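Every chain is numbered from 1 and lettered A, B, ... according to where its sequence line falls, protein lines coming before strand lines. Quick caveat: nothing in here was measured; it's all calculated off a predicted structure. Side chains are part of it too, since the values below use all heavy atoms of this structure and drop only hydrogens, waters and symmetry mates.
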Amino acid sequence: MKIKAVNGFKDILPDDALRRQHIEQTARDIFARFGMQEIRTPILEKTELFARSIGEATDIVEKEMYTFVDKGITMRPEATASILRAFIEHGLHVRQPVHRLYTIGPMFRHERPQKGRLRQFHQMDVEVIGANEPQVDAELMAMGQMLLDTLGVTVSLEINSLGCPACRPGFRDKLMAYLNQHKESLCPDCRRRMNVNPLRTLDCKNRNCKDLVQDAPSILDSLCNDCRDHFVSVKQTLDLLGVAYRVNRFMVRGLDYYTRTTFEFITDALGAQAAVGAGGRYDGLLRQLNGPDLPGIGFALGMERLVLLMEQQEDATPPKPTTDLFVAVLGEKAAEHASILVHRLRKLGLTAAMDYSGRSLKAQMKQAGRLNSRFTLIIGEDELACNEGVLRDMNTQEQSKFSLSLPMDEQAQHMTALLSA
RNA sequence: GUGAGCGUAGCUCAGCUGGUGGUAGCACCGGGUUGUGGCCUCGGAGGUCGUGGGUUCAAGUCCCAUCGCUCACCCCA
């Protein structure tokens, strides 16, 4: 019986890793333009951290966490809680009023895997702590959009406001009243949701519920003055920045800590997993974690979902890595010469490779082609005899002489000059 | 936790109503080119048909079980 990877956990093979490197590099570059600094936190945290931040009654905490029950620690199901914990633990707020942080790494949730959803998945997560201005909300969305545009994926941005502790309870009551009137027509799931988290009935996929909820009271009509002003400013700033969006009053979030602005980058190209990225404001969460009373906002992008989208949009295939020089050798003396030269070239910063197995020249040429090498240096008996290697341009097929009689350092210098010309 | 579908070569897959596992494609190795890749051509290697039972003269094919995977529900990035 072969040992295979654990269900929901995936190997990232070289081609896939290459694409992810490109995504991460692009992200880091764009995040930096927005003043984001990287932070890295441990993958394991006290279970209590997630219970208190994400919410005891959420599916994530209730049944999806990988928890070492005997140790009271859990593999992080998301990044925000860990970042806030680190922020509070190290008292970062005393250094400067606003922190802009990001992290990239694996998260773990014990869900049934399906397309675009794994048990170990990877997120790029951004958090701005200490700023409550609506311009920051818009700026974050603009940044996310910029990244997705740069990566060549097409998504649409949907935004909503969930209000705050001052106005959400009022809305919740109004919604409950409406739902109770139509209880009979709701799907079983929604009847259950009414007790757990009535807002979730708003984004039920059941056709009946969808129709029913169209006439439900809108949260946007229930916002308090501060929340309404905030939401208006967010929209105005998005307009100013030229970021397209659609207000979706039915969009809600699964995590308890969200307040005011929430948003999702969605696509219809990923089957059931519509959200490529999502986030929102979480004013009050830091205080709830016994930290300073600072506002925060953040969002996460799902790496696997991004990869799937980019694979569908073939144009974004990353170019194969190239090798500057492959040295094909015949005989031990040639191999010895080549191994020294290859090492010198690598020291000088070139990508160089050779074959050690003594295979036929044809096989070595084939290998050079596989490695996408720009040039191949051939050293055989004849070349050793006259101290002149054959340097072949793999694209033009032109071949020229390369002197093997100079001191190795000079040969390496010479080769570097030839290849960079 | 619930439902459906699928497990044949490293990968993608043929295999009709049971009758000897495919000249299949990609990839790999070798020859055609006494020492020159990509294209072409010829050849080669590679499989306990997921596993275990059952029906049958005969099972990749039918039945049962089991394991694995996938998709969907739930929920979420």
Every protein N/O lying under 3.5 Å from an N/O of nucleotides 6-13 of chain B:
none

Donor-acceptor contact below 3.5 Å, side chain A:Arg119 vs main chain A:Pro113 | no

Readout for nucleotides 72-77 of chain B: B = base within 4.0 Å of protein heavy atom, S = sugar-phosphate only, - = neither; 5' to 3' it is BBBBBB

### Message
Between A:Asp149 and A:Gln145, do the side chains contain a donor N or O and an acceptor N or O under 3.5 Å apart?
### Response
yes

The dot-bracket string of RNA chain B, counting Watson-Crick and G-U wobble pairs with both distances under 3.5 Å, using [ ] for crossing pairs and | for pairs to another strand, is (((((((..((((.....[..).))).(((((.......))))).....(((((..]....))))))))))))....

Residue pairs meeting side chain to side chain donor-acceptor pair (under 3.5 Å), one or both in residues 411-421 of chain A, sequence neighbours left out, come to A:His337-A:Gln411

Here the salt bridge (Lys or Arg N to Asp or Glu O under 4.0 Å) pairs for residues 324-337 of chain A, sequence neighbours left out, are A:Asp324-A:Arg374

In short, ring pair (Phe, Tyr, Trp, His ring centres under 6.0 Å) pairs touching residues 28-53 of chain A with sequence neighbours left out are A:Phe31-A:Tyr102

- Are any of A:Asn7's side-chain N or O atoms less than 4.0 Å away from OP1 or OP2 of B:C69? yes

Taken in chain and number order and not counting sequence neighbours, the residues that satisfy ring-ring contact (aromatic ring centres under 6.0 Å, His included) with A:Phe326 are none

Distance col, row A:Gln214:CD vs A:Phe250:CZ, nearest 0.5 angstrom, shows 4.0 Å

Please tabulate, one pair per line, each protein N/O and nucleotide N/O from nucleotides 43-45 of chain B that are separated by under 3.5 Å, including the distance.
none

Quiz prompt | Exercise: do A:Thr47 and A:Thr74 side chains pair donor with acceptor under 3.5 Å | solution = yes

Please check: side-chain N/O of A:Asp268 versus main-chain N/O of A:Ala274, any donor-acceptor pairing under 3.5 Å? no

So the side chain to side chain donor-acceptor pair (under 3.5 Å) pairs with at least one residue in residues 52-66 of chain A (sequence neighbours excluded) are A:Glu48-A:Arg52

Contacts satisfying ring pair (Phe, Tyr, Trp, His ring centres under 6.0 Å) that involve residues 175-208 of chain A (not counting sequence neighbours) are A:Tyr178-A:His182

C1' atom, B:G7 versus B:A65: distance in rounded Å?
-> 16 Å

Review point. Can A:Glu264 and A:Arg253 be counted as an ion pair, charged N to O under 4.0 angstrom?
Key: yes

With B for base contact, S for sugar-phosphate-only contact and - for none (protein heavy atoms under 4.0 Å), nucleotides 30-41 of chain B reads S-B--BBBB---

Task: Span that lies between the C1' atom of B:A58 and that of B:U20, in whole angstrom - done: 11 Å

Exactly one of A:Lys115, A:Arg117, A:Arg20, A:Lys10 clears salt bridge (Lys or Arg N to Asp or Glu O under 4.0 Å) with A:Glu304, and that residue is A:Arg20

Applying salt bridge (Lys or Arg N to Asp or Glu O under 4.0 Å) to A:Glu383 and not counting sequence neighbours gives none

Counting distance only, does the side-chain N/O of A:Arg260 pair as donor-acceptor with the main-chain N or O of A:Cys164 below 3.5 Å?
-> no

